[in-house]
Amino acid sequence: MLPDVAWYMDLGARGKSLWRDCPENIQDYLSFFLDHGWVVLPRSVPAEVVAKARADFALHKAKYSEVYERNADAAGYQRRVVNLHMALDSFKDLYTSNTSALAIQDYLFQAESCCFTSLTFESGSEQSIHRDSPYFTTNPEYYYLGVWVALEHIDERNGALQVYDRGHLIQEPDRFQLYRQVYGPDDVPSDYDQALWDVYQSEVIRQCEEFGLTKLTVPMSPGDTLIWHPHLPHGGAPIIETWRSRLSMVNHVIPTDISVSGLDVFYGRRAAPPSVQYNYLHHGGRKFLQHLNVEFQHRDPQPYETFGI
């Protein structure tokens with residue numbers, strides 16, 4: 001049983017015993033995370049693990065060239081490969097070998113973290129600034145983190161991550177009032193309703209701008225990890241040098257055995273499941289939620305058991 005409110009969601013987190021008792025080896029990272037809503041762990045993934053993942057990605061892309069080509073952008077790159085780690089053990093190793101990141105996740109959750117899903121980006125996402133919460137609604141809420149590992153040099157010219165620094169401190173908008181701006185009480189929107197996503201994100205950005213928060217572009221080196229807070233507004237910077245790749249992987253991580261829902265639960269149209277029984281696979285001493293397919297931009301599913309190298 002997890003507390004209804006995670007300790008790191010409390011604006012008074014530094015007054016809690018969990019902060020005072022924080023292990024010394026992760027204290028500086030957690031301090032920055034609590035203040036800014038994100039933190040970079042330099043070279044937290046061993047160089048040999050990064051090199052193996054990059055080599056395996058190249059082999060995989062060559063072996064399944066037809067699949068990759070039909071899902072490529074204009075420059076020949078992949079914008080979003082979903083759960084590629086299911087087919088490539090080296091991508092699981094990016095998660096399990098990242099010992100500092102794992103220690104931070106476990107301490108923030110006060111529970112063992114697991115990998116719920118992964119997204120691999122060969123090119124920048126160029127996704128607009130957003131919070132993940134509407135599409136990633138845990139029960140209890142806000143028990144998730146984004147964990148982004150760079151496999152190549154990433155800067156402001158090839159689509160680095162952008163964040164509203166300290167945006168995690170901005171209060172949650174009244175989501176139910178936002179819902180009423182779009183739909184009536186008898187309407188039944190889909191779980192991935194674009195209008196409900198847009199109205200929420202627009203209000204988050206409006207608040208960040210009203211408070212004069214700074215939008216930062218975060219450069220990364222191979223093996224660096226960026227962890228972001230559930231409330232951090234973040235997105236992908238525009239790609240200026242379109243010929244450059246930006247290979248990286250994001251894991252969305254949660255404590256084991258809590259439910260994850262979408263917009264219907266976030267906006268109170270359906271109650272969150274009180275309990276779940278997910279299937280997990282085990283690798284490197286950690287749990288990964290069992291997914292059946294690798295997908296390209298959430299389509300073109302490839303069964304992971306026949307999609308390896």
Side-chain angles (χ1 to χ4, degrees), residues 8 26 29-30 32-33 36-47 49-50 53-54 57 77-85 88 90-106 108-109 113-133 135-136 142 144-165 167-168 215-239 244-254 286 288-289 297:
Y8 52 84
I26 60 173
Y29 293 138
L30 279 180
F32 193 94
F33 177 87
H36 296 268
W38 59 280
V39 64
V40 172
L41 285 55
R43 305 296 201 279
S44 61
V45 179
V49 176
V50 172
R54 289 176 60 176
F57 181 79
Y77 296 133
Q78 300 300 315
R79 290 297 181 103
R80 181 181 296 237
V81 185
V82 184
N83 296 321
L84 183 60
H85 71 278
L88 298 177
S90 58
F91 274 61
K92 297 185 191 75
D93 293 338
L94 293 171
Y95 181 71
T96 59
S97 69
N98 202 345
T99 55
S100 295
L102 291 171
I104 291 169
Q105 294 161 50
D106 292 349
L108 287 170
F109 292 149
S113 62
C114 71
C115 174
F116 188 82
T117 188
S118 76
L119 300 174
T120 297
F121 298 93
E122 190 182 14
S123 183
S125 70
E126 295 188 298
Q127 190 172 5
S128 58
I129 296 290
H130 64 282
R131 281 178 178 163
D132 294 328
S133 307
Y135 281 169
F136 211 88
Y142 311 122
Y144 71 89
L145 298 164
V147 182
W148 186 46
V149 176
L151 302 181
E152 294 182 310
H153 288 284
I154 299 171
D155 55 44
E156 68 279 357
R157 301 188 68 80
N158 68 337
L161 194 75
Q162 290 186 323
V163 301
Y164 265 115
D165 190 47
H168 69 303
K215 186 192 294 185
L216 300 178
T217 301
V218 185
M220 303 274 283
S221 296
D224 289 357
T225 300
L226 190 150
I227 300 177
W228 69 77
H229 188 284
H231 255 186
L232 182 74
H234 62 282
I239 302 171
R244 292 176 60 193
S245 59
R246 193 214 71 170
L247 189 59
S248 59
M249 183 184 74
V250 173
N251 292 125
H252 293 101
V253 304
I254 61 172
R286 286 283 169 162
F288 294 77
L289 191 76
Q297 299 191 59

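Heavy atoms only: backbone and side chains are in, while hydrogens, waters and symmetry mates are out.
- Looking at Leu41, Val250, Val45 one by one, the single match for side chain to side chain contact (heavy atoms under 4.5 Å, CB included) with Val149 turns out to be Val45.
- Counting only N and O atoms by type, the side chains of Asn251 and Ser118 include no donor and acceptor under 3.5 Å apart.
- Residues forming a salt bridge (Lys or Arg N to Asp or Glu O under 4.0 Å) with Arg131 (at least two apart in sequence, or on another chain): Glu172.
- Residues passing the side chain to side chain donor-acceptor pair (under 3.5 Å) test with Gln78, sequence neighbours excluded: none.
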As a quick check of understanding, evaluate ring-ring contact (aromatic ring centres under 6.0 Å, His included) for Phe32 and Trp38, giving each step before the final call.
CA-CA 7 Å; Phe32 193 94; Trp38 59 280; 5.1 Å; yes
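- With sequence neighbours excluded, no residue satisfies side chain to side chain donor-acceptor pair (under 3.5 Å) with His252.
- Heavy atoms only, all atoms of each residue included: Ala53 and Ser90 are closest at CA-OG, 3.7 Å.
- A search for salt bridge (Lys or Arg N to Asp or Glu O under 4.0 Å) contacts involving Arg244 returns Asp155, Glu241, not counting sequence neighbours.
- Proximity of the aromatic rings of Tyr95 and His85 is defined here by a centroid distance below 6.0 angstrom, and this criterion is not met.
- Checked by atom type, the side-chain pair Ser44/Ser100 shows no donor-acceptor distance below 3.5 Å.
- Considering only residues two or more places apart in sequence or on other chains, Glu126 meets the salt bridge (Lys or Arg N to Asp or Glu O under 4.0 Å) condition with Arg79.
- For the residue pair Ser125 and Arg246, no side-chain donor N or O sits within less than 3.5 Å of a side-chain acceptor on the partner.
- Every residue two or more places apart in sequence or in another chain that forms a side-chain contact (heavy atoms from CB on, under 4.5 Å) with Asp224 is listed here: Val40, Pro42, Arg43, Met220, Ser221.
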